[in-house]
Every structure is written in C-alpha cells, then in structure tokens.
Peer 1: 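The structure under discussion is supplied below as structure tokens; questions concerning it will follow.
Convention: sequence-line order gives letters A, B, ...; per-chain numbering from 1.
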There are 2 protein chains.
Amino acid sequence: MEFKEAKNKFVQTWGALGSQWGINKTMAQIHALLMVSHEAVSMEDIMEELQISRGNASMSLRALMDWGIVYKEYKAGERREYFTAEKDLDELAVKISRERSKREIKPALKILKEVSAISANSTLEEKHFVNQTKKLYDFVLKADNVLEKITEYKDNWLAQLLVKFVKK
Amino acid sequence: MEFKEAKNKFVQTWGALGSQWGINKTMAQIHALLMVSHEAVSMEDIMEELQISRGNASMSLRALMDWGIVYKEYKAGERREYFTAEKDLDELAVKISRERSKREIKPALKILKEVSAISANSTLEEKHFVNQTKKLYDFVLKADNVLEKITEYKDNWLAQLLVKFVKK
DNA sequence: ATAAACTTTCATTTTTTTTTGAAACTTTAA
DNA sequence: TTAAAGTTTCAAAAAAAAATGAAAGTTTAT
C-alpha cells in the first residue's frame, strides 16, 4: 500500500466511524484529513481532496471549529484561510467529552430529573417508573462526573487510568 | 406532570438520545419503554404504545436482543412472546461497551494498523502520516483496553472509578 | 469607493436511513 | 393435518439527514 491509498483509506474509515458516533461523515473526514496533514490546509484543498462542495466544506469546518477541534490559521500576506486540527489526542478526547456532555448528557439529566419527580402515589407501575428513572439519573450523573474529572487531568489521563485498572 | 406524560417524555427523550449515539430512534424508544415497565411487554403492546408497525417492532426487538440488552420471555400457557430489558445499569453499560468495541473499535484498529504500516521513506508528509496514525492506533488501543478492564469489574465499576478520581 | 478574492448562507436536491405492510414463514393445539 | 395465532422478512415508501451551488455577504488592497 502506498501513501495516497493509505491516506484515503484512513480518511474514509474515520468518516464512516464518525457517523456512528454522532458526527457526520464530512466532518469526520475533514478532521481525519487535517489530523494527518503536516501543515495547514486551505478550504480549496479540502474541497478538492474530499470532492465536496464549497458550502459543505464551509459548514463542516464551522462545526468542527465550534467543537474546538479544528483551528483557523492565517498565513502572513495571504488572504486565504488555512485550517489545522487538534493533533494532541488527549486534548482531542477532552474536547469531545466536554462538548458531548454539554450537548447531550446535560439535557438528558434535566429530563430525567423532571420525570422522576412525579408523585408516585398510586400503582406499582408508577413506583417502578420513579425508581428506575431515579436510578438512571444517578447513573448518568455519576458517569458525567467521571468524564468531567477525566478532563481535569488532561495530559495522559488515559494512560494513568489504564495503569490504575491493571494494577488493581 | 402525571405518570403518562412523564413516561412519554422519558421514552421520547431516550429515543432522541439514542439516535445521537448510534442506536436508532425506535430501538432506543423500545428499550426505554421496557426499562420502565415493571413487567414484560408483548410486541402488540409495544406497537400500540409507540405507534409503530409490526415489522419495525420485530426488527428493532431483534436488534436489541442481538445487543444483549433485551430478553424474550415466555409466559406459561401463552403463545405470545414477551420482552424485558436489562434493568441493571452497570450490566447495561458493560454490554453496550462490549458490543461497540466489537463492532466499531476493533475494525477501526485494524485499519489504523494497516495504514500506519506503509513504508514512509520519502517525504515529510508521509512521515507525519505514519507518525500520527501510529499515535492514533496506540490511543484507541489503550482506550479499548480500559473499556475491557472496566467490563471485567462489572458491579459498580462506575462508583469505584469515581471514587478513585475524586480521591486523587 | 470599488472590485477582486474569498466565505457564508440557505432553499433545493440528493443520499441515506428508517419505517411500513403484506406475504411468507413458524409454531402450537385441536 | 390444518387452521389459528403469532413472528419474520424484505421490497417499496416515507422520513430524515446531508450535500449542493448560486446568490449574498465580507474583507482587503488599491
């Protein structure tokens, strides 16, 4: 396998994976492309390499920047904007965790709290509902806290975590 | 808010969340419904409550059973099949982790290994590619190992993990 | 002030994913 | 065995998500 083929395979795979994880294909592909580029890439080049439209490129880049995992760069004396990806993997994981917590976990917690707060006076069915949703609330809250803690350790949290688990 | 409303809100929310996590809406809704039901539910009832077709119900239930988070139950003297969800949340998390590892992480690792194995003799660009994909391989492998370890502890791994992190 | 170089927006189209429903299949009991 | 009660399958339809591209908007240099 030579370079171009490998690069393409990587970008495609990452794209497919992304769409299973709630990030859309193009976003994941652009991110993949930037991750393995040794220098900043222009929108023009991204469009060219991934064969996507200008609009798509623009919106996907915006979304990636909103996630905080892609940055804009200006080259001295050039009008055109260039893009780079967060390449530090710990940092990347931290940013993705934070963003998903904010977008998905926090709203879910809110709903869980609400629905588990109904007064379950009458039936067994209602009691079970309240019980189960309360448990779920606690569980999700705990999981979210773990994520948050992890993001505080930043550097190399994953290695540390692995060591802890293997030792135990 | 009364029971029916709360239940509906929960099912809808869980459904929406599911689709952000790679499980489709109906699957997540059925799972939610079963989670908060105090007794096994028939396919007929699921169709009725979620207003979905028989085909959809059948396929979604099959998928949930493949994931190992919904079970079939037979009631003595009855032809009809009933369904229950895994209600233990630790167990649920374990099963979901295992399944996602198998379906998504393992195949991704395979590709990463492949593409990082090209001989990067010539350009800086190629060297950067190999370097970055190798790092990614290590990172994903480590993350997958952590998941695996966690699933070995089973009961209450989340609480333990949280304690460790808070203490430190 | 203006025009060139570039980016963003968003209504429309395309693609992908999900759902339907009717036919085929399976199981059980009489 | 057969018919009733139930389940599964899968081609087609519907819905949802993503991508396009042209027009509108910005910015910069002159």
Peer 1: Round to a whole Å and report the spacing from CG of Asn56(A) to P of dT16(C).
Peer 2: 13 Å

Peer 1: Mind calculating the distance between CD1 (Ile52(A)) and P (dT8(C)) to the nearest angstrom?
Peer 2: 13 Å

Peer 1: Answer yes if Tyr74(A) and Met43(A) sit in the same cluster of Ile, Leu, Val, Met, Phe, Trp and Tyr residues linked by side chain heavy atoms under 4.5 Å apart, and no otherwise.
Peer 2: no

Peer 1: Nearest-Å distance, NZ (Lys75(A)) to C1' (dA5(C))?
Peer 2: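 Taking NZ of Lys75(A) and C1' of dA5(C), I get 17 Å after rounding.
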
Peer 1: 5'-most contact on DNA chain C: Gln51(B) or Met43(A), nearest heavy atom basis?
Peer 2: Met43(A)

Peer 1: Output a table of nitrogen or oxygen pairs between the protein and nucleotides 23-27 of chain D separated by less than 3.5 Å.
Peer 2:
unit_1, atom_1, unit_2, atom_2, d
dT27(D), O2, Arg79(A), NH1, 3.3
dT27(D), O2, Arg79(A), NH2, 3.4

Peer 1: In whole Å, I'd like the distance from the CE atom of Met27(B) to the P atom of dT17(C).
Peer 2: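 Result: 15 Å.
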
Peer 1: Among dT20(D), dT19(C), dT7(C), which is the nearest nucleotide to the side chain of Arg80(A)?
Peer 2: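 So the side chain of Arg80(A) is nearest to dT7(C).
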
Peer 1: Please report the shortest heavy-atom distance between Ala32(A) and Phe10(A), naming the atom on each side.
Peer 2: O-CE2, 3.6 Å

Peer 1: Give the rounded distance in Å between these two atoms: CG of Leu64(B) and C1' of dT7(D).
Peer 2: 16 Å

Peer 1: Between Thr26(A) and Gly77(A), name the one whose nearest nucleotide on DNA chain D is closer to the 5' end.
Peer 2: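 Its nearest nucleotide lies further toward 5', so the answer is Thr26(A).
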
Peer 1: Kindly point out which of dT8(C), dT9(C), dT19(C) is positioned nearest to the side chain of Lys25(B)?
Peer 2: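 When the side chain of Lys25(B) is considered, dT19(C) is the closest of dT8(C), dT9(C), dT19(C).
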
Peer 1: Just one of Lys106(A), Lys102(A), Arg100(A) clears the salt bridge (charged side-chain N to carboxylate O under 4.0 Å, His left out) bar with Glu148(A), so which one?
Peer 2: Lys106(A)

Peer 1: Between Asp90(A), Leu89(A), Val94(A), which is the residue that forms a side-chain contact (heavy atoms from CB on, under 4.5 Å) with Leu92(A)?
Peer 2: Leu89(A)

Peer 1: Without decimals, in angstroms, what is the distance between Met59(A) CE and dT12(C) C1'?
Peer 2: 13 Å

Peer 1: Taking the nucleotide of DNA chain D with the closest heavy atom to each, which residue, Glu44(B) or Ile23(A), is nearer the 5' end?
Peer 2: Glu44(B)

Peer 1: Angle, rounded to 10°, between the helical axes spanning five pairs at each terminus of the helix from dA1(C)-dT30(D) to dA30(C)-dT1(D)?
Peer 2: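 The end axes of the helix from dA1(C)-dT30(D) to dA30(C)-dT1(D) are about 10° apart, to the nearest 10°.
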
Peer 1: How close or far is atom C1' of dT20(D) from atom CE of Met47(A), stated in whole angstroms?
Peer 2: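 Atom CE in Met47(A) sits about 11 Å away from atom C1' in dT20(D).
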
Peer 1: Which nucleotide in the list dT9(C), dT8(D), dA19(D) gets nearest to the side chain of Arg62(B)?
Peer 2: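 Selected nucleotide: dT8(D).
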
Peer 1: Looking only at side-chain N and O atoms, does Asp45(B) offer a donor or acceptor that is under 3.5 Å from a partner on Ser42(B)?
Peer 2: yes

Peer 1: Does Phe129(B) form a ring pair (Phe, Tyr, Trp, His ring centres under 6.0 Å) with Phe3(A)? I'd like the steps, not just the answer.
Peer 2: CA-CA 8 Å; Phe129(B) 176 83; Phe3(A) 177 56; 5.4 Å; yes

Peer 1: Please state how far atom OH in Tyr82(A) lies from atom C1' in dA5(C), giving the value in whole angstrom units.
Peer 2: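 Checked: the OH to C1' distance equals 13 Å.
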
Peer 1: Which of the following nucleotides, dT8(C), dT19(C), dT8(D), is nearest to the side chain of Ser58(A)?
Peer 2: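 Of the candidates, dT8(C) comes closest.
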
Peer 1: At their closest point, which heavy atom of His128(B) faces which heavy atom of Val36(A), and how far apart are they?
Peer 2: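 For His128(B) versus Val36(A), the nearest heavy atoms are CD2-O, 3.2 Å.
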
Peer 1: Provide the closest heavy-atom pair for Ser119(B) versus Glu126(B) in the form atom of the first, atom of the second, distance.
Peer 2: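 The answer is O-OE1, 3.9 Å.
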
Peer 1: Looking across every strand, which nucleic acid part, if any, lies under 4.0 Å from Asn24(A) by heavy atom: base, sugar-phosphate, or nothing?
Peer 2: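 Sugar-phosphate, no base atom in range.
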
Peer 1: Can you check whether Leu112(A) reaches Trp14(B) side chain to side chain, under 4.5 Å on heavy atoms?
Peer 2: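 Yes - at least one pair of side-chain heavy atoms lies under 4.5 Å apart.
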
Peer 1: Cluster question for you: counting only ILVMFWY and a side-chain heavy-atom cut-off of under 4.5 Å, with indirect links fine, are Tyr82(A) and Met65(A) together?
Peer 2: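 No, Tyr82(A) and Met65(A) fall in different hydrophobic clusters.
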
